[in-house]
Amino acid sequence: MEKDYQEFFSLFTQISKKIHANSDTKDILSCIVENITQLMSAKGCVFWILNTQKQKIETRIFNGFDYRSLLRVDYVTLMNIFSRPKDNRVYIGDARNDPRIPDLERLGKHKINSISGLFFDITGPYTGLLAVYFYGSRPLKTHELELLTALGEQGAIALEKAIAYDNKMLTMYRQIVEGFALAIEARDKATHGHSQRVARFSELTAREMGLDEKNIKNIFHAGILHDIGKIGTDDQILERLGHLSTREMDAIRRHPGLGADILSPLTFFSDIEPLVRHHHELFDGSGYPDGKKGEKIPLGARIITVCDAFETMVAGRASMPKLSLSAAVSALKKGVGTRFDPDVVQAFFAVIRENPDIVDAQESIDDCLKDLKQNMADLAGHNLLEKKFSSFPGGF
C-alpha cells in the first residue's frame, strides 16, 4: 500500500506539472488512464468526456485491453450501463452476465469480470466518466477509490482549464472579426453604428419572443456581422443605395452569401453563419440569396430582417432620406406577411413601446403606435396590404 501511495504521488506531481504547463489535454488524460491501469494491475482503463446537454460522447481516452463492449457503445447505452448514483460511484461485479452491457464481443465479455466507474463534474454541460475494468471480481479498496478519485479530478481540472482557454480564445477571435466588421462599416458616416443598433434591436426582439439565452446571444452577434459581406462591395455602389441599376443590385445581393462564406470556415460562428446568409430572405419567398419562405427562414434571420429594415429607414442613407418614426412603423406594417414575419413585427413593436429610448425620434412612441392594438389581429392574420412593396426603402 505504501508503494501504491509513492507511485501515486509521483504520478500526481507529474500530471499537475502537465496541467500548469498547459500541456495537451489528451496527453494528460492518456497519462492518467495509462498509469491507473498499471497502478491497479487492471485489464484496462477509459476516460469518457460526455456532453450531457447534447447527449453525446465527445471523446474517449483508453489504455489496455480494447474492451469493445464498452468502447463502442453510444451515449444512451453508456448512461444505461453507468446509471449515475448520488455518490458518483458505480460497481459492476459481474460484467460477463450483466444485461446492460451489449454483447458486441463475446470474447471481450468473457475476459472482463468487474468494472468500477466514477463520475466527475466538469464545467458547463460536460461530465467525465472514468472506468477501470479487471479480469476477476475486484471491488476497489478505500485507498484505491481515493487514488482513482484524485486522478479523475486532475483530469477534470485539465479539461476545465482547456475549455476555459478555448472559450477565451473563441471570444477573442469573435471580437477580432466583429471589430473588423464594425471598422469596415465606420468608413461611411451614414452607416456608422448601423450594425450595433441592428444587433441591439434584434437582441431585445428575440428576448421579447421568449428565446433562450444561447439563441439571443447568437442573434445579437449575427446582427453585428450581418453586413460583413459588404467588404466585397464597391463603396460607390453602397453610397447610391436606392438608385442602383440591375447589375449593381446583383452585386449588392451577393453580400449575404459573401458574409456567410467569410464566416463558414470559422467553426465558432457555425450557429451565426445561417443568420447572416438569410437576413435578406423575405417572408413570402421573394428575397435572396436562396428564396426561402416563411418558417424555412431561420427565426434569427427573420428578426434581423425586420430590425435591419427599420434601422435603415429611421437612420437614412446618403441617397435615401431618413423616415419619421411613424412612417417607418407604417412601412413595417405594410410589409407584414410579404416582407416580414408578423410575429416578429409584433414583438418588435412591443420592444420599441417598452424601450422608447432605443429610438432617436422626436415623435411620441405611443402616438406612432396608438392604433397598434386594433391592428394586431390584422398583423397576425396577414390581412394588411397583400401586395408587395418593391420600392420599399429599407433593408439594403
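- With sequence neighbours excluded, the residues satisfying ring-ring contact (aromatic ring centres under 6.0 Å, His included) with F82 are W48.
- Taking a cutoff of 4.0 Å between a charged side-chain nitrogen and a carboxylate oxygen, R277 and D290 qualify as a salt bridge.
- Note on I297 and L275: separate hydrophobic clusters, where clusters join Ile, Leu, Val, Met, Phe, Trp and Tyr whose side-chain heavy atoms are under 4.5 Å apart, directly or indirectly.
- Note that CD1 of I92 is 12.5 Å distant from CZ of F134, once rounded to the nearest 0.5 Å.
- To the nearest 0.5 Å, atom OH of residue Y75 and atom CG of residue L78 are 8.5 Å apart.
- Closest non-hydrogen pair, L140 versus S116, comes out as CG-OG, 3.6 Å.
- Here the side chain of D308 pairs no donor or acceptor atom with the backbone of I304 at under 3.5 angstrom.
- Annotation: cation-pi geometry satisfied between K43 and F65 (NZ/CZ under 6.0 angstrom from ring centroid, within 45° of ring axis).
- Counting heavy atoms from C-beta outward, K322 and V314 have side chains that stay 4.5 Å or more apart.
- Among residues two or more places apart in sequence or in another chain, the ring-ring contact (aromatic ring centres under 6.0 Å, His included) test is passed with F201 by F310, F348.
- A donor-acceptor distance shorter than 3.5 angstrom exists from the side chain of S202 to the backbone of V198, with no hydrogens or angles considered.
- Between atom CG of residue L129 and atom CD1 of residue I122 there is a gap of 10.0 Å, rounded to the nearest 0.5 Å.
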What's the verdict on salt bridge (Lys or Arg N to Asp or Glu O under 4.0 Å) for D98 and R100, showing C-alpha distance, side-chain angles and the deciding distance?
CA-CA 5 Å; D98 195 304; R100 294 172 299 176; 2.9 Å; yes
Which is it for T305 and H278 under the side chain to side chain contact (heavy atoms under 4.5 Å, CB included) test, yes or no, and what are the steps along the way?
CA-CA 9 Å; T305 299; H278 299 299; over 6 Å; no
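- A donor-acceptor contact shorter than 3.5 Å is absent between the side chain of N355 and the backbone of D357.
- Under the 4.0 Å criterion applied to side-chain N and carboxylate O atoms, K293 and E281 are not assigned as salt-bridge partners.
- In this structure, H280 and P289 have side chains that are not in contact, with every pair of non-hydrogen atoms separated by 4.5 Å or more.
- Criterion: ILVMFWY side-chain heavy atoms under 4.5 Å apart, direct or through other members. Under it, I216 and I358 are part of a common hydrophobic cluster.
- T77 places no side-chain N or O within 3.5 Å of a backbone atom of V73 that could act as its donor or acceptor partner.
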Residue pair I49, I57: steps toward the side chain to side chain contact (heavy atoms under 4.5 Å, CB included) verdict:
CA-CA 6 Å; I49 313 304; I57 298 171; over 6 Å; no
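- Other residues, nucleotides and ligands contribute more than 12 heavy atoms inside 6.0 Å of the CD atom of E58.
- Side-chain N or O atoms of H221 include none that pairs as donor or acceptor with a backbone N or O of N218 at under 3.5 Å.
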Assess the residue pair V132 and I115 against the criterion (side chain to side chain contact (heavy atoms under 4.5 Å, CB included)); give the C-alpha distance rounded to whole Å, side-chain angles, the decisive distance to 0.1 Å, and a yes or no.
CA-CA 6 Å; V132 191; I115 306 171; over 6 Å; no
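- Here the CG atom belonging to N63 is positioned 8.5 Å from the OG atom belonging to S30, to the nearest 0.5 angstrom.
- For D121, the salt bridge (charged side-chain N to carboxylate O under 4.0 Å, His left out) criterion is met by R84, not counting sequence neighbours.
- Of all the heavy atoms in A328 and M313, the pair that sits closest is O-CE, 3.8 Å.
- Between L145 and R89 the shortest side-chain heavy-atom distance falls below 4.5 Å.
- With rounding to the nearest 0.5 Å, the separation of CG in N215 from CG in D212 is 4.5 Å.
- At least one donor-acceptor pair under 3.5 Å links the side chain of T52 to the backbone N or O of P125.
- Under a hydrophobic clustering in which Ile, Leu, Val, Met, Phe, Trp and Tyr are joined whenever their side-chain heavy atoms come within less than 4.5 Å, directly or via other members, V336 and L282 fall into different clusters.
- Of the candidates K56, M79, Q55, L50 forms a side chain to side chain contact (heavy atoms under 4.5 Å, CB included) with just one, namely M79.
- Side-chain contact between L130 and I36 is present, with heavy atoms from C-beta onward closer than 4.5 Å.
- Two residues are said to be in side-chain contact when any heavy atoms from C-beta on lie closer than 4.5 Å; E203 and R200 meet this criterion.
- If you check the side chains of H226 and H255, you find no donor sitting under 3.5 Å from an acceptor.
- Judged by distance alone, with hydrogens and angles left aside, the side-chain atoms of R60 form no donor-acceptor pair with the main-chain N or O of V46 at under 3.5 Å.
- R138 is not listed as a side-chain neighbour of N113, based on a closest heavy-atom distance of 4.5 Å or more.
- Not a single donor-acceptor pair under 3.5 Å links the side chain of T37 to the backbone N or O of G64.
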Assess whether side chain to side chain contact (heavy atoms under 4.5 Å, CB included) is satisfied between V306 and L332, documenting all intermediate values.
CA-CA 8 Å; V306 170; L332 289 185; 4.3 Å; yes
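- Among all heavy-atom pairs drawn from F119 and V90, the shortest one is CE1-CG2, 4.1 Å.
- Put simply, the side chain of S264 gets close to the backbone of D261: a donor and an acceptor are under 3.5 Å apart.
- The side-chain heavy atoms of I352 and P356, taken from C-beta on, include no pair separated by under 4.5 Å.
- A salt bridge is absent between D94 and R96: the closest approach of a Lys/Arg side-chain nitrogen to an acidic carboxylate oxygen does not fall below 4.0 angstrom.
- The line from CZ of F340 to CZ of R302 is 13.5 Å long, rounded to the nearest 0.5 Å.
- Nearest heavy-atom pair across S114 and G136 is OG-O, 2.7 Å.
- Taking the side chain as every heavy atom from C-beta outward, T338 and F283 never approach each other to under 4.5 Å.
- Nearest heavy-atom pair across L258 and G229 is CD1-O, 3.8 Å.
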